[in-house]
Amino acid sequence: MRYLALPLLSQNLTESTARAQTLSLYLQLSLQVSLSQRNESTMSSSSSSLPSCPKKVVTLKSSEGETFEIEEIAALQSKTLENMIDENCADTPIPLPNIKGKILAKVVEYCNKHAEVGVDAESLRAWDAEFVNVENTTVFDYILAANFLEIPTLLDLTCQSVADMIKGKTPAEIEKTFNIKSAFTPEEEEQVRRENQWAFE
Amino acid sequence: MAEWSQMPEDLLEFIARRLDTQFDVLRFRSVCSSWRSSVAPSPSPSRRGQFPILPSDGISDAAREFRLSRRTIFLLGVPRSRDETFACGWLVKVKEDVPRSTNLLNPLSRCPFTSLPEDFPRVLDLMNLRVLELGHEYVLQDMGYRPFGNDGHLHMKKVVFLCLDSGNDFALLTIHVSGQLAMFKSGEKRWSIIQDMPSPYDDVILFKGEFYAVDGTGRTVVVGLDLGVTLIAQSNWGGGKKFLVESVGELLLVNMYLRFRRERTVRFKVYKLDREKKEWNEVKDLGDRVLFLGDDCTFSASAADLRTCKGNRIFIADNREVERALRSPGIGVYDMKSGIIGPLEDDEGCSRLFWPPPDWIASRTSEVQNQLETLVV
């Protein structure tokens with residue numbers, strides 16, 4: 001079982017449950033809003049239960065309540081957001097209670113950049129390299145956000161940058177880079193010791 | 001606070017899958033419990049270097065059967081510290097045919113090292129050494145051949161290996177004595193000769209999961225598992241021996257040719273692939289990179305990692321023309337800038353890369369290890 005610590009939702013929630021809960025919360029909110037909108041509407045009924053009004057901009061809400069606007073086309077790079085947008089298109093901001101504002105801002109920036117047309121591959125690669133040229137604690141948050149929002153290109157980029165930080169290092173150096181306390185069972189400890197040595201005849 | 005040990009296992013696996021060498025995966029699994037359990041160690045025998053006996057049908061009338069041996073080239077070093085006296089790197093080729101028993105070979109030839117020095121540890125602890133896996137080599141050993149108790153090599157040309165998706169299946173490509181390419185796929189009963197050969201092939205390599213081959217004229221192809229051949233670059237030249245080598249994710253062609261000025265000497269030119277134009281374009285300066293051209297493998301490294309060697313150089317081994325030019329056997333070092341080749345022994349910095357093992361190996365007592373641990377930056 002994988003666990004994600006979500007401050008606003010209950011403890012010990014799995015990824016998919018978190019997504020499902022967020023989606024359900026969003027749907028409930030937007031359904032209420034669209035119902036009240038329809039009551040006030042003077043448009044003759046077209047008897048479609050879910051009006052497919054094209055929306056240009058989507059609003060996202062961070063864990064601290066900060067809102068960020070993102071063009072729908074950029075948001076579609078996130079499968080999670082794509083699902084939420086498809087389901088309903090009311091005005092309510094999409095709550096993302098497990099992503100901090102600081103990180104969400106950068107994810108929005110990433111999606112916007114990658115939705116741009118006419119950017120040549122070379123300069124996009126350079127931009128990407130700069131994007132992950134940050135403290136690895138930030139990359140950690142990017143990975144979790146990219147995973148939750150299901151943005152494959154961002155997940156790829158961030159995981160690759162972590163792999164690049166690991167290459168060629170000793171276990172001690174890796175632990176130091178990522179601030180990990182190495183904790184093995186005695187059996188594992190022994191296996192690790194044996195794997196990291198060469199015995200000559 | 002980022003708790004890397006708490007990252008979900010599927011994400012840890014994602015990261016581990018992007019490590020290109022088996023040794024880096026081993027290191028990943030040596031960090032902490034959660035990282036260890038998120039990635040399986042190499043499970044398949046092929047990946048571990050244990051292969052079934054191979055037939056010789058289709059490729060040799062003399063040999064009966066072949067054993068495939070895999071060796072790995074490593075660059076060992078001490079993590080950077082303020083005390084640079086530990087600087088020198090060590091290049092070794094390791095054979096792990098027998099589980100838990102390691103043999104050290106000279107990286108650029110088929111010969112084992114002369115016996116290890118007395119103070120050389122029986123067990124080398126790699127925990128606090130920087131280990132870079134630079135490449136693999138595959139050698140076909142004729143099982144019926146046993147001269148003077150040696151390793152029994154049939155003089156096959158270079159063999160390259162591709163592990164197929166399942167992990168248990170693999171394919172091999174080599175150059176037959178006729179100059180044609182020959183391929184073997186696990187499970188088959190014989191080797192298949194590839195008929196396409198306008199000119200005899202000089203070298204083969206596995207690059208980005210595909211087999212590439214170059215002939216004496218520079219014509220380069222990709223060889224598919226269906227034995228089909230796709231042109232990658234047209235012929236350019238007449239003479240010289242061609243080598244294919246990978247450096248920083250790019251495929252390079254090295255052409256070794258003879259020069260007769262005042263005396264007979266050997267020169268090298270390096271080329272980078274232009275896929276669109278299907279041409280090889282000359283590269284005059286390798287920068288920090290150093291290329292190694294051996295009997296059975298080619299690999300490259302950065303001078304910064306080698307530490308005692310300058311960049312923009314090519315090491316070439318066990319080659320008759322080189323030995324004639326140098327009037328000595330062994331490894332030659334070619335300086336791209338000056339165009340001059342010299343014996344390895346003449347270059348103090350470079351020769352320390354091979355033999356004898358550097359001081360920090362012999363003095364691997366726990367006292368020294370503790371010291372090193374505190375110096376890790």
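Lettering follows sequence order; numbering is per chain, from 1.
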Do you know which of A16(B), S33(B), S5(B) has the most heavy-atom pairs with chain A at a distance under 4.5 angstrom? S33(B)
Can any side-chain N or O of T67(A) pair as donor or acceptor with the backbone N or O of K61(A) at less than 3.5 Å? no
Is it the backbone or the side chain of R29(B) that comes under 4.5 Å from a heavy atom of chain A, or both, or neither? both
Residue among S161(A), G168(A), S182(A) with most heavy-atom pairs under 4.5 Å to chain B: G168(A)
Heavy-atom distance under 4.5 Å to chain B: side chain of N136(A), backbone, both or neither? both
For the interface with chain A, which of L75(B), V94(B), L12(B) has the highest count of heavy-atom pairs at distances below 4.5 Å? V94(B)
For the residue pair S123(A) and D120(A), confirm or rule out a side-chain donor-acceptor distance under 3.5 Å. yes
Could you check whether S300(B) and E246(B), counting side-chain N and O atoms only, form a donor-acceptor pair closer than 3.5 Å? no
What option among I143(A), D164(A), V139(A) has the most heavy-atom pairs under 4.5 Å with chain B? I143(A)
Pick one of side chain, backbone, both or neither for V31(B), based on which atoms fall under 4.5 Å of a heavy atom in chain A. both
Between E173(A) and R130(B), does at least one N-O distance fall below 4.0 Å, as a salt bridge requires? yes
Just to be sure I understand the criterion: a residue of residues 102-115 of chain A counts if one of its heavy atoms is under 4.5 Å from a heavy atom of chain B. Which ones qualify? none
Tell me which of these, L155(A), T185(A), D141(A), has more heavy-atom pairs under 4.5 Å with chain B than the rest. L155(A)
Listed by chain and number, what are the side-chain hydrogen bond (donor to acceptor under 3.5 Å, both in side chains) partners of S38(B), not counting sequence neighbours? none
CA sep, side-chain torsions, deciding dist, call: Q6(B), S34(B), side-chain hydrogen bond (donor to acceptor under 3.5 Å, both in side chains): CA-CA 7 Å; Q6(B) 303 288 311; S34(B) 62; over 6 Å; no
Is it true that R67(B) and S69(B) share a donor-acceptor pair across their side chains at a distance under 3.5 Å? no
Specify which of E175(A), E135(A), Q160(A) makes the most heavy-atom pairs with chain B at under 4.5 Å. Q160(A)
Could you pull out all residues at least two apart from F178(A) that satisfy ring pair (Phe, Tyr, Trp, His ring centres under 6.0 Å)? W4(B), W35(B)
T72(B) vs F74(B) side-chain heavy atoms within contact, under 4.5 Å: yes
Got a sec, which residues hit side chain to side chain contact (heavy atoms under 4.5 Å, CB included) with D156(A), two or more places apart in sequence or on another chain? R18(B)
